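Heads up, the thing below is written out as structure tokens.
Keep in mind that this is a model prediction, so the values were computed, not measured.
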Amino acid sequence: MCDVISGECHAAEDPCTLAGTETACADLSCGPGSTCDGVGACVPLAPCSDVACTDDGHCWGTLCGCERVVECQEPTAELLNGPFSTEIGGIDFADDCNAWMVTLRSGPDYVRRLKPDGELTQWTGVANLNMGEVKVLRRLTIPQLTEALPLANEPSPPTPVEGLGEVAITYTCCQACGCQADPPQGVARLDEADMMSPLPIVIVAQVTQGDGPFGSNAADAGPHGLAWGEDRVLYVGNSTMNGEYNDADLDAATQGVVFTFDARVTASAPISPVHMLVALDGGTLYRFNAQTQQAEFVVDLMSDVTSLAHDAFTGHVYAGLASLEVVRIAPFSGEVEPFQTMPGVGRVAVSPSGKLWYTPVKYLADLPLQSWDLPMAF
């Protein structure tokens with residue numbers, strides 16, 4: 001088969017081989033390392049950071065790499081299992097290896113940042129609202145330095161994404177939990193410069209309730225499926241009603257409903273510059289296109305999804321399930337394979353160093369954080 005990274009013929013089982021079929025995209029054909037944006041352009045997919053095309057419209061991913069680039073190391077397991085994880089409910093990592101968390105507890109909830117050197121910072125949420133998820137705006141691909149093929153137009157390095165490192169969290173509350181407040185629950189963006197109100201709401205939410213994936217009224221309430229699009233737009237489900245997928249454009253200062261699914265959203269994650277992978281009650285996964293505002297069925301995991309974590313090196317998504325299984329998903333083919341088993345109910349997140357971290361929802365399972373190694377090459 002033709003390996004688009006080297007431009008050479010490889011055996012299918014050879015390492016560092018990126019090959020596959022092309023997909024029609026208006027006047028173009030998007031080959032390996034790229035996908036159609038739905039409106040006539042090919043966009044890059046991990047492990048590639050750009051796209052090159054021939055004059056007759058055949059495109060493929062460029063600036064690809066075969067080995068994971070590790071630029072930093074997140075805090076150690078000992079540090080993560082210290083005061084940082086007290087009453088933890090969700091975790092995420094920034095590209096600079098800072099760890100972020102939110103609590104789920106009785107009383108005021110907190111956002112905490114733990115730097116690799118152990119420096120811990122904490123911010124208090126508004127009123128008495130619970131917190132659910134924390135998400136950091138991260139790169140979707142790891143920049144590589146591989147040269148483009150000779151017949152391709154010389155690719156330019158990807159334009160830096162505005163807002164990398166920004167942090168958002170969900171405020172949640174069930175109808176009978178006694179934590180309703182004004183302003184109500186929703187999505188907040190951390191503003192470290194505002195000492196008086198560092199976690200203001202940018203998406204206002206109604207009271208919504210599910211019966212999974214955690215099996216707890218407190219943990220299954222309110223907005224779920226928080227994710228950053230690469231366009232610096234925030235996405236989340238169930239803010240207006242169960243199944244509605246909401247967005248907040250921070251630059252335009254607007255929010256709205258971009259799609260309505262037929263079941264409550266439990267998790268989502270960005271998988272391309274225009275695509276989000278969205279999990280619904282029961283475990284069905286859909287691929288939502290922010291350009292066309294349409295969704296396509298991907299696969300049914302047959303178990304509620306607690307979390308989705310995208311790996312910027314391979315492009316795979318790791319799903320934590322209510323069954324405690326963790327599976328690895330190819331989000332554009334729907335292929336699923338088992339990966340690990342969580343020791344208790346919780347969420348998963350990919351770190352920049354190439355680990356998949358499990359964090360419990362300690363309100364439900366008082367267990368330590370732990371990690372599994374991810375592939376360092378392909």
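At least one side-chain heavy atom of Leu374 sits under 4.5 Å from a side-chain heavy atom of Phe339. When side chains are defined from C-beta on, Asp37 does not count as touching Cys42, because their heavy atoms never get closer than 4.5 Å. Between Met131 and Leu199, some side-chain heavy-atom pair lies under the 4.5 Å cut-off.
Residues Thr17 and Asp14 have side chains that never bring a donor and an acceptor to within less than 3.5 angstrom of each other.
Of the residues Leu280, Val317, Val278, Leu277, the one that meets the side chain to side chain contact (heavy atoms under 4.5 Å, CB included) test with Leu285 is Leu277.
At least one donor-acceptor pair under 3.5 Å links the side chain of Lys135 to the backbone N or O of Leu226. At distances below 3.5 Å, at least one donor-acceptor pair connects side-chain atoms of Asn238 with backbone N or O atoms of Gly243.
Val348 and Val327 are members of different hydrophobic clusters when ILVMFWY side chains are connected at heavy-atom separations under 4.5 Å. In the hydrophobic clustering of ILVMFWY residues, with side-chain heavy atoms under 4.5 Å counting as a link, Ile88 and Leu364 come out apart.
Gly225 approaches Glu133 most closely through the heavy-atom pair N-OE1, 2.9 Å.
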Verdict with supporting geometry, Phe259 and Phe261, ring pair (Phe, Tyr, Trp, His ring centres under 6.0 Å): CA-CA 7 Å; Phe259 193 80; Phe261 293 99; 4.8 Å; yes
Residues Lys355, Glu74; criterion salt bridge (Lys or Arg N to Asp or Glu O under 4.0 Å); working and verdict: CA-CA 9 Å; Lys355 296 185 186 308; Glu74 68 271 16; 5.6 Å; no
